[in-house]
Amino acid sequence: MRQAGAYSNLLCGGISGRTGPHSLPLARIKKIMKNSSEDVKMISGVAPIVFSKACEIFIEELTRRSWIMAIDGKRRTLNKEDIASAVIATDIFDFLITLVSNSDATDDTTVIQMETT
């Protein structure tokens with residue numbers, strides 16, 4: 001019989017200990033993974049679960065750092081400027097700098113149009 005692997009705790013609720021459905025849709029994650037490259041043909045069942053957990057951790061970390069920016073600005077509402085400030089202030093988010101630097105040029109209608117395509 002196989003022993004539980006390193007990722008078995010992710011299947012049972014992960015770090016938070018929560019069980020049940022995942023926060024992010026696994027089918028959508030799998031679709032993104034398949035569309036990322038023509039070379040990707042098959043994906044194991046555990047891979048989308050690991051990506052889901054990684055996305056959750058990424059969102060939590062970016063939110064924490066953005067919240068600090070909001071508190072520094074003496075506000076209790078998180079807005080896109082807080083997220084942009086957190087991205088600019090944090091080296092690990094350097095890959096997002098072009099996205100947030102262009103956010104000033106885009107308005108809400110452009111974002112809505114991008115989501116519907």
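Keep in mind that what you see is a predicted model, and the values were worked out from it rather than measured. One-based numbering along the sequence shown. These numbers come from the heavy atoms of this one structure, side chains and all, not from hydrogens, waters or symmetry mates.
Not counting sequence neighbours, the partners of Ser37 by the side-chain contact (heavy atoms from CB on, under 4.5 Å) test are Asp39, Val40. Applying the salt bridge (Lys or Arg N to Asp or Glu O under 4.0 Å) criterion to Arg75, with sequence neighbours excluded, gives Asp82. Partners of Asp94 according to the side-chain contact (heavy atoms from CB on, under 4.5 Å) rule, which considers only residues two or more places apart in sequence or in another chain, are Asp91, Ile97. Under the salt bridge (Lys or Arg N to Asp or Glu O under 4.0 Å) criterion, Arg64 pairs with Glu60, Glu61, sequence neighbours left out.
Expressed to the nearest 0.5 Å, how far OG of Ser23 lies from NZ of Lys53 amounts to 7.5 Å. Between the OG atom in Ser66 and the CD1 atom in Ile59 there is a gap of 11.5 Å [rounded to 0.5 Å]. For the atom pair CG of Leu26 and CD1 of Ile29, the computed distance is 5.5 Å after rounding to the nearest 0.5 Å. In this structure, CD1 on Ile83 lies 9.0 Å from CD on Glu81, to the nearest 0.5 angstrom.
Using a 4.5 Å cut-off between side-chain heavy atoms of Ile, Leu, Val, Met, Phe, Trp and Tyr, with links allowed through other members, Ile92 and Val100 fall into the same hydrophobic cluster. A continuous path of Ile, Leu, Val, Met, Phe, Trp and Tyr side chains, each step under 4.5 Å between heavy atoms, connects Leu99 with Ile88, placing both in one hydrophobic cluster.
Sequence neighbours left out, the pairs with a member in residues 53-101 that pass ring pair (Phe, Tyr, Trp, His ring centres under 6.0 Å) are Phe58-Phe93.
For the pair Arg28/Lys31, a side-chain contact is recorded, criterion being any heavy-atom separation below 4.5 Å from C-beta on.
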Validation: residues 41-52 side-chain donor-acceptor distances under 3.5 Å, sequence neighbours left out:
residue	atom	partner	partner atom	Å
Lys41	NZ	Glu38	O	2.9
Ser44	OG	Ala47	N	3.4

